[in-house]
Undergrad: 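I have a structure here, written as structure tokens, and I will follow up with some questions on it.
Counting from 1, the numbers follow the sequence of the chain as shown. It should be emphasised that the depicted structure is a prediction, and the values quoted were computed from it without experimental measurement. Both ligands and their constituent atoms are indexed starting at 1 by order of listing.
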Amino acid sequence: MTPANLPEEFQQITADHQFVFACHPGVSCFTECCRELDLALTPYDVLRLKRHLQLSSSKFLEQYVIIEWDEQQLFPICYLTMIDDGRASCIFVQETGCAVYADRPGSCRAYPVGRGASKNDGGSATESLVLIRELHCRGFEEANEQTVSNYLLDQGMEQYNRVNDILLPLLQHPRIQQQVFKPSRQQLDQYILALYDLDQFRREMIAGRIALQRPLTPQQLSGLTGDDVALLSLGLHWLMQEFFGE
Ligand code: SF4
Ligand code: SF4
């Protein structure tokens with residue numbers, strides 16, 4: 001999105017931008033931002049949440065996620081469930097705050113900062129940042145000045161960004177950007193399995209029902225024995241093979 005067509009409350013910023021903001025249980029708007037929102041989860045969000053709740057990925061998806069897909073979009077989107085309480089509140093919001101705070105999704109951590117990333121030729125990611133000033137958010141009235149990069153660091157975004165960016169070679173593959181790739185039904189299922197339903201993906205791999213053309217590296221092997229981030233990376237490799245023959 002270019003600066004010209006950003007919504008009014010979005011301001012394009014850089015990581016060294018200074019802003020005044022704090023969020024804590026004492027703000028009058030506490031938990032207002034946890035209602036009436038579309039919260040799309042990344043694979044790493046699901047990994048952290050299912051681990052926090054000590055659920056298998058399949059159970060977590062079944063209990064807490066609505067998966068949406070239609071012909072207009074390339075891949076399915078996993079939305080966190082909102083409850084029907086007249087305010088469309090997040091399923092995890094409580095009087096005292098977020099019930100999964102230590103493992104809350106990346107977009108909740110970063111708010112009121114939003115981040116987009118694109119892959120550049122060298123393989124690293126270039127990020128674009130926006131500051132979102134919504135009327136209900138009183139955190140901008142708190143006397144606490146910081147840079148955007150320090151704020152994101154304090155919110156634990158480094159690990160979230162690092163793992164989310166692993167997926168850029170798939171999500172921004174040249175065949176997607178040239179609009180010559182349209183996943184089949186089977187590939188849509190593979191996408192959810194390998195990126196979101198990690199425990200099931202691990203079972204399928206171990207049972208030999210998924211074949212990789214190249215031998216597993218030691219790091220990929222550790223995904224099969226319990227390292228969920230390594231497994232996510234393995235899932236990405238499988239999807240690149242199945243979608244693009246790489
Ligand atoms: S996950 Fe937590 S921080 Fe995010 S919207 Fe829900 S209650 Fe709020
Ligand atoms: S609306 Fe803003 S200040 Fe209020 S709880 Fe949410 S992030 Fe914090």
Undergrad: Within the 4.0 Å heavy-atom shell around C137, which atoms of ligand 2 are there?
TA: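 Those qualifying, in numeric order: 1 (S), 2 (Fe), 3 (S).
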
Undergrad: With atoms numbered from 1 as shown, which atoms in ligand 2 lie under 4.0 angstrom from a non-hydrogen atom of C29?
TA: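 Heavy-atom distances to C29 below 4.0 Å select 1 (S), 3 (S), 4 (Fe), 5 (S).
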
Undergrad: Using residues 90-99 as the side-chain source, report each donor-acceptor pair under 3.5 Å to any protein atom, sequence neighbours left out, with the distance given to one decimal.
TA:
none

Undergrad: Under 4.0 Å from any heavy atom of H136, which atoms of ligand 2 are there?
TA: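 Every atom of ligand 2 under 4.0 Å from some heavy atom of H136: 1 (S).
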
Undergrad: Among all residues two or more places apart in sequence or in another chain, which pass the side-chain hydrogen bond (donor to acceptor under 3.5 Å, both in side chains) test with E68?
TA: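 For E68 there are no side-chain hydrogen bond (donor to acceptor under 3.5 Å, both in side chains) partners, ignoring immediate neighbours.
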
Undergrad: Verify, without hydrogens or angle tests, whether R138 (side chain) and L135 (backbone) share a donor-acceptor contact under 3.5 angstrom.
TA: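 Side chain of R138 to backbone of L135: a pair is present.
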
Undergrad: Please, which pairs that meet ring-ring contact (aromatic ring centres under 6.0 Å, His included) have at least one residue in residues 97-121, sequence neighbours excluded?
TA: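 Applying ring-ring contact (aromatic ring centres under 6.0 Å, His included) to every pair that reaches into residues 97-121, excluding sequence neighbours, yields nothing.
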
Undergrad: Within a distance under 4.0 Å of any heavy atom of G139, pick out the atoms of ligand 2 and give their elements.
TA: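 Within the 4.0 Å cut-off of G139, ligand 2 contributes 3 (S).
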
Undergrad: List the steps and the verdict of salt bridge (Lys or Arg N to Asp or Glu O under 4.0 Å) for E246 and R214.
TA: CA-CA 10 Å; E246 293 180 4; R214 292 188 216 132; over 6 Å; no

Undergrad: If you round to the nearest 0.5 Å, how far is CG of D189 from OG of S184?
TA: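 Answer rounded to 0.5 Å: 8.5 Å.
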
Undergrad: N144 side chain to V20 main-chain N or O, any donor-acceptor pair under 3.5 Å?
TA: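 Side chain of N144 to backbone of V20, a donor-acceptor pair under 3.5 Å: no, none is there.
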
Undergrad: Begin from the C-alpha positions of F75 and I176 and carry the test side chain to side chain contact (heavy atoms under 4.5 Å, CB included) through to its verdict.
TA: CA-CA 11 Å; F75 294 122; I176 290 178; 3.9 Å; yes

Undergrad: So if I only count non-hydrogen atoms and take anything under 4.0 Å from ligand 1, which residues does that give, chain by chain?
TA: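 Ligand 1 pocket, heavy atoms under 4.0 Å: C34, L39, C90, F92, V93, C98, P105, C108.
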
